[in-house]
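Every number for a ligand or one of its atoms is a count from 1 in the order of the listing. Numbers here are sequence positions counted from 1. These numbers were taken from a predicted model, which means no experiment stands behind them.
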Amino acid sequence: MLDSSRTALLVIDVQNDFIPGGQLPVPEGDLIVPLINRLARQFSQVIIAQDWHPQGHASFASRHPGKQPFDSVQLPYGEQTLWPEHCVQGTAGAELHPKLDLPHAQLIIRKGCNPDIDSYSAFLEADRGTTTGLSGYLKERGIDTVYMVGLALDFCVMFSALDARAAGFNAYVVLDACRAIDMNGSLQSAMERMQSAGVELIQSTELT
Ligand code: VGL
Ligand code: ZN
């Protein structure tokens, strides 16, 4: 059983642009929504992460002349994969999936808002220095264990899970409540990185 006062569910980037039909679709991204809704009922603390970019964000290929989506560039903080324009603040694509049913979620944390810095992680931006404040929020509320679900397993979910561990939380990723982009071996590499960081990779059946 979960110790509900010390445990939170973090629902990551379940937004229209990451669903088939959106600007950066994750295959089967829509299939996890009913499962996430069901799992969320077991948690009294639910937090939503939302990718929330200004127009012309540094992670958009369109900002870099001659570059295409899924190319990469060197930015001041390191290598950045380039994406189609997605999750632009205030657009329909940035909205949470309409079937996501999390009325008891108390916090929506928006990330990737800095025009020059990406943020896959819900904890730390890609410069690895700018914090979203999520770690402090959790700690002030006495939460020591974070379960993660959502999109994409090999980008935002992985980086959130690695940063949760680095900040001292117990971290669980519920694999069947996630889907991956899976480009250039990113899924395999994400699984290995999470495993070696001590992230527990589980199935939703282990949570009931
Ligand atoms: C994501 C690529 C760009 C994600 C966000 O949610 O995994 N991936 N922005
Ligand atoms: Zn993004």
Say whether Ala152, considering both its backbone and side-chain N or O atoms, lies within less than 3.5 Å of an N or O atom on ligand 1.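 The answer is yes, given that Ala152 and ligand 1 share an N or O pair closer than 3.5 Å.
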Do you see an N/O/S atom of His53, backbone or side chain, under 2.8 Å from the Zn ion (ligand 2)?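 Here the distance criterion (N, O or S atom, under 2.8 Å) is met by His53, so yes.
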Going by the order shown, which atoms of ligand 1 are within less than 4.0 Å of some heavy atom of [X]?
X	answer
Cys156	1 (C), 4 (C), 5 (C), 6 (O), 7 (O)
Asp13	4 (C), 6 (O)
Asp51	5 (C), 9 (N)
Tyr120	2 (C), 3 (C)
His86	3 (C), 9 (N)

Heavy atom of Gln15, distance to ligand 1 below 4.0 Å: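 The answer is no, since Gln15 has no heavy atom less than 4.0 Å from ligand 1.
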Without hydrogens or angle criteria, can the side chains of Gln15 and Asp51 be said to hold a donor-acceptor pair below 3.5 Å?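 No, no side-chain donor-acceptor contact under 3.5 Å.
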What class does the angle between the rings of Tyr172 and Tyr147 fall in, given that below 30° is parallel, 30 to 60° is tilted and above 60° is perpendicular?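 Because their plane-to-plane angle is under 30°, the rings of Tyr172 and Tyr147 count as parallel.
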Using the six-membered ring wherever Trp is involved, compare the ring planes of Phe18 and His86 and label them parallel, tilted or perpendicular (cut-offs 30° and 60°).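 Aromatic pair Phe18/His86 classed tilted.
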With heavy atoms only and a cut-off of under 4.0 Å, state how Val26 meets ligand 1: side chain, backbone, both or neither.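 The answer is neither.
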What's the verdict on side chain to side chain contact (heavy atoms under 4.5 Å, CB included) for Phe70 and Leu24, showing C-alpha distance, side-chain angles and the deciding distance? CA-CA 10 Å; Phe70 313 108; Leu24 178 42; 4.0 Å; yes
